[in-house]
Amino acid sequence: MTSTDLTAVFAQAFGSSAGPVHVVRAPGRVNLIGEHIDYCGLPVLPMALRQSVRLAFHPRADCETRLVNRDARFAPSAFAVNASIPAAPAGDWGNYARAAAQALAQRFPDLRGVDALVESDLPIAAGLSSSSALVVAMALALLHANGITVASLELMELLGRGERYVGTAGGGMDQAIILGARARCASRIDFHPLRLTPTAVPGDWQFLVAWSLVHAEKSGGARQAYNERTRQCDEARRLVAKRLGQREDVPYPALLAAASVEQLLQVAETNLTGVLARRFRHVVTEGTRVRQAEAALAAQDLAAFGQLLDASHRSLRDDYEVSHAELDRLVELAREAGAAGARLTGAGFGGSIVALCRVERTPEVMTALRERFYAPRGAAAGVGRHVFTAEPSAGAEVV
Ligand code: NG1
């Protein structure tokens, strides 16, 4: 839908006397590599998608905020913008807007609210950050409505913390890439201090995203499993640091700088329980893969990048235990059909895979996924929505 169409629907929802309507676009993201390590403070390598959340809004004179979603599955939501906003029941989409509003209200007092109409072409609970896109869109709308500008890096950090309002102990990758992505590039994101370093995606590489048909609902059991892993990583880090005679609060990047991966793995092997050792092995090997993948991208070495994707998937499946049989099957089929590499992307527990193909191979891989994955599951008709080529896009903006 164009901005003009969206504005017309806005007038139907809120009345045409509302005054000028602005539109924010906030893209989803696909993480290429560096999974489940942002909350360990280690670099990750995502890019933004063409698909986005779009929010048409008009400033209000008071602090109220009213939200209407064009998707009828999501009921209208309303709240007052202040520094302590009561949450709607877990799983309510409006909580992502509340998360942004509360985070901004804690930083800027006396904010006015907005009337907002939301639409999205991002698949939901597919590991592509539709939720963080809504957080960012809402934040940009409120900032615009109140005439406030915030430095981009500060806003990324503010919203990274702010989204924890919904109960997940996320690491900040999503809000950073959604705000800071550069068109035609993937970006390495470093944390503490936060910074983004873009690298161009070669013109003959194509990243395919394919949904497993399994929703990765972060408001349900996946949230518990996610938060459990953040605690396990912290516990493993503390025990390894102690064993190495380091301070117990030494962060992962400093630990990796102080010892080789082999040394760290050996310490983990002999001093941690089986589960903690596996979690730790994923984190430190994935951290290494991100650096190697960034180098492979810069060198346009597709085969090397593909192998790193495969290794990342095995590590997420076996050591981190966040994969799902349907994700494993998609990865396997994509590889058999000629992808250079493939892995689950996002938090896992369902959601999507990302596969790297040389451009001319893409149609074959898509056909194989349609015939061998979606058709047997009765989902061939919707295949255009389930599988798509990821176009590295620019970050969020008021359009
Ligand atoms: P998704 O895929 O959107 O559930 C989550 C976290 C990220 C990161 C990834 C795993 C949030 C908002 N996002 O993403 O920070 O930890 O999992 O790499 O919590």
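Order of listing sets the numbers, starting from 1, for every ligand and every atom in it.
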Assess the pair Phe191 and Tyr252: is the distance between their ring centroids shorter than 6.0 Å?
no
Do any nitrogen or oxygen atoms of Thr168 come within less than 3.5 Å of a nitrogen or oxygen of ligand 1?
no
Classify the ring geometry of His144 against Phe57: parallel below 30°, tilted from 30° to 60°, perpendicular beyond 60°.
perpendicular
Can you sort out which atoms of ligand 1 are near Asp38, meaning under 4.0 Å from one of its heavy atoms?
7 (C), 8 (C), 15 (O), 16 (O)
Within 6.0 Å of CZ in Arg164, more than 12 heavy atoms from elsewhere:
yes
Per-residue contact class, Ser132 against ligand 1 - non-hydrogen pairs under 4.0 Å
side chain
Examine Ser131 against ligand 1 and note whether any of their N/O atoms are separated by less than 3.5 Å.
no
Is it the case that ligand 1 has an N or O less than 3.5 angstrom from some N or O of Gly171?
yes
Ring centres under 6.0 Å, that's the criterion: do His386 and Phe373 meet it?
no
Please check if any side-chain donor atom of Ser393 sits under 3.5 Å from a side-chain acceptor atom of Arg50, or the reverse.
no
Please list, in number order, the atoms of ligand 1 under 4.0 Å from a heavy atom of Tyr39.
16 (O)
Return yes if some donor-acceptor pair links the side-chain N/O of Arg237 with the main-chain N/O of Val250 below 3.5 Å, else return no.
yes
Polar contact flag for Glu163 and ligand 1 (N/O pairs, less than 3.5 Å):
no
Report yes if some N/O of Asp174 lies less than 3.5 Å from some N/O of ligand 1; otherwise report no.
yes
Using a 4.0 Å cut-off to any heavy atom of Met173, which atoms of ligand 1 qualify?
8 (C), 9 (C), 18 (O)
Is Arg29 in contact with ligand 1, taking contact as a heavy-atom separation below 4.0 Å?
yes
Polar contacts were defined as any N/O atom of the residue lying under 3.5 Å from an N/O atom of the ligand; does this apply to Ile37 and ligand 1?
no
Indicate yes or no for a side-chain donor-acceptor contact from Asp310 to the backbone of Arg343 under 3.5 Å, with no hydrogens or angles considered.
no
Before giving the answer on side chain to side chain contact (heavy atoms under 4.5 Å, CB included), spell out for Glu321 and Leu316 the whole-Å C-alpha distance, their side-chain angles and the decisive distance to 0.1 Å.
CA-CA 6 Å; Glu321 297 174 284; Leu316 288 159; over 6 Å; no
